[in-house]
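What follows is a short report on a single structure.
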Amino acid sequence: YERMCRYFARKSNSVVVCVGYRLAPEHPYPASFEDCLSATVHFMKTAQDYGVDPSRIVVCGDSSGGTFTAAVAQELVNRRDLPKLRAQILIYPLLQYVDFDLPSYQQNKGVPALLKERILVLSLKYLNKDLSLMEAIFKGCHIPEDLQLKYQKWVSPDYIPHEFKKRGYKPRTTHPFSKELYTLVKPLFDTVFSPLLAEDSVIAQLPETFLLTCEFDVLRDDGLLYKKRLEDHGIKVTWCHLQEGFHGTI
């Protein structure tokens with residue numbers, strides 16, 4: 001990422017700080033997120049030492065880095081000891097573990113580099129959980145009925161515009177809930193993992209957002225759903241959709 005960070009710094013005439021967070025499985029959840037958060041907080045407190053205006057700090061990340069970016073921005077909304085973030089930049093972020101049958105998951109499940117299975121392989125390693133749980137999670141067996149009802153307000157194919165369903169979409173079939181599975185993978189519903197599941201009171205305080213999605217990406221609809229939530233709360237969103245783009249395209 002160094003080359004890309006240098007490019008961003010040069011083209012935007014900005015100071016760019018790249019966080020070398022600890023990696024799983026040696027450092028499981030939530031080590032990576034905590035590193036991103038503490039680095040951000042430290043920089044916000046010392047920005048002037050680097051010639052940076054504290055009112056112009058932007059957080060940015062791609063893929064799981066986009067997950068951390070969204071989670072850090074949410075974590076900071078109620079911090080009174082820090083300046084407000086100027087903006088967040090989310091580049092094809094992973095934002096929810098509720099529905100793996102959204103149109104983009106169905107259409108792009110076999111598109112490299114991010115195959116649908118790969119998302120759960122990496123995520124379960126981050127949680128230090130067994131990969132045998134994957135199939136039941138894909139079926140939605142990990143979600144209790146009360147949470148299903150709650151999350152439907154935010155995670156539903158009904159909120160994906162029709163033009164994104166043209167390449168094919170079949171409504172998901174429901175499977176029985178497994179309490180044992182829910183207990184094992186409960187952290188997947190934390191907003192650190194699934195920023196799309198944050199309460200309205202948090203979403204309403206988020207900064208202006210730049211969001212990039214790609215047509216040939218399983219995570220496309222995560223971005224579309226987050227865009228809708230932000231806009232529903234009056235947050236300004238600049239949305240860039242790459243019609244020929246795929247995950248990892250930058």
Side-chain angles (χ1 to χ4, degrees), residues 1 19 21 23-25 28-37 59-75 88-127 129 131 133-134 137-138 140 142-143 151 154-157 159-160 164 185-198 202-203 206 209-230 237 239-242 245-250:
Y1 277 83
V19 183
Y21 53 79
L23 299 174
Y29 168 81
S32 307
F33 167 71
E34 287 174 345
D35 289 355
C36 292
L37 180 63
V59 282
C60 170
D62 81 314
S63 195
S64 58
T67 316
F68 295 143
T69 299
V72 164
Q74 291 180 4
E75 193 74 22
Q88 60 176 347
I89 296 173
L90 308 176
I91 300 169
Y92 35 70
L94 168 61
L95 298 169
Q96 58 88 29
Y97 286 81
V98 172
D99 191 344
F100 289 98
D101 263 326
L102 292 167
S104 63
Y105 278 97
Q106 292 187 17
Q107 295 161 8
N108 303 312
K109 64 185 178 190
V111 177
L114 190 64
L115 308 180
K116 179 174 164 176
E117 277 78 17
R118 192 167 161 80
I119 290 175
L120 273 190
V121 169
L122 297 173
S123 303
L124 290 170
K125 283 185 175 179
Y126 183 34
L127 277 177
K129 302 294 180 188
L131 299 184
L133 307 174
M134 278 173 57
I137 296 171
F138 279 140
H142 61 309
I143 313 167
Y151 297 152
W154 307 321
V155 185
S156 167
Y159 302 134
I160 303 297
F164 293 103
V185 299
K186 203 173 173 183
L188 292 177
F189 302 116
D190 291 352
T191 52
V192 169
F193 258 98
S194 295
L196 189 53
L197 307 182
V202 173
I203 299 287
L206 287 170
T209 301
F210 175 90
L211 178 65
L212 184 135
T213 54
C214 293
E215 180 59 31
F216 298 100
D217 180 7
V218 282
L219 302 182
R220 180 195 70 200
D221 294 351
D222 285 31
L224 295 177
L225 292 171
Y226 205 50
K227 173 180 180 283
K228 181 185 188 305
R229 281 206 75 192
L230 292 165
V237 179
W239 174 48
C240 173
H241 181 67
L242 301 181
F246 53 90
H247 196 84
T249 202
I250 63 165

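Treat the numbers as computed from the prediction; the structure is a model and nothing was measured. Residues: numbered from 1 along the sequence shown.
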Which atom pair, heavy atoms only, marks the closest approach of [X] to [Y]?
X: N108; Y: E215; value: ND2-O, 3.1 Å
X: A73; Y: Q88; value: CB-OE1, 3.4 Å
X: Y226; Y: P195; value: CE1-O, 3.9 Å
X: P93; Y: L212; value: CD-O, 4.1 Å
X: L124; Y: I137; value: CD2-CD1, 4.1 Å
X: C60; Y: T69; value: C-OG1, 3.1 Å

Are the side chains of [X] and [Y] in touch, meaning some heavy atoms are under 4.5 Å apart?
X: C240; Y: F210; value: yes
X: P103; Y: F164; value: no
X: F189; Y: L197; value: yes
X: T249; Y: D217; value: no
X: F33; Y: D190; value: no
X: Y105; Y: D222; value: yes
X: L127; Y: L188; value: yes
X: I119; Y: L219; value: yes

Distance, nearest 0.5 Å, that separates [atom1] of [X] from [atom2] of [Y]:
X: W154; Y: L225; atom1: CH2; atom2: CG; answer: 12.5 Å
X: T191; Y: L95; atom1: OG1; atom2: CG; answer: 11.5 Å
X: I91; Y: T213; atom1: CD1; atom2: OG1; answer: 11.5 Å
X: L211; Y: L224; atom1: CG; atom2: CG; answer: 7.5 Å
X: L196; Y: Q74; atom1: CG; atom2: CD; answer: 9.0 Å
X: L94; Y: T67; atom1: CG; atom2: OG1; answer: 4.0 Å

For side-chain contact (heavy atoms from CB on, under 4.5 Å), just list the numbers for D221 and Y159, CA-CA rounded to whole Å, side-chain angles, deciding distance to a tenth of an Å, and then say yes or no.
CA-CA 9 Å; D221 294 351; Y159 302 134; over 6 Å; no
Can you pull the side chain to side chain donor-acceptor pair (under 3.5 Å) pairs that have at least one residue in residues 110-121, sequence neighbours excluded?
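Qualifying pairs, neighbours excluded: none.
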Relative to the ring of [Y], is the ring of [X] parallel (under 30°), tilted (30 to 60°) or perpendicular (over 60°)?
X: F68; Y: Y21; result: perpendicular
X: H247; Y: Y92; result: tilted
X: F100; Y: F138; result: perpendicular

Cut-off 3.5 Å, side chains only: do D99 and Y151 have a donor facing an acceptor?
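No.
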Donor-acceptor side-chain pairing of Q96 and S194 below 3.5 angstrom
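No donor-acceptor contact under 3.5 Å links the two side chains.
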When you measure from the side chain of H142 to the backbone N and O of L133, does any donor-acceptor pair fall under 3.5 Å?
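No, because the side chain of H142 does not come within donor-acceptor range (under 3.5 Å) of the backbone of L133.
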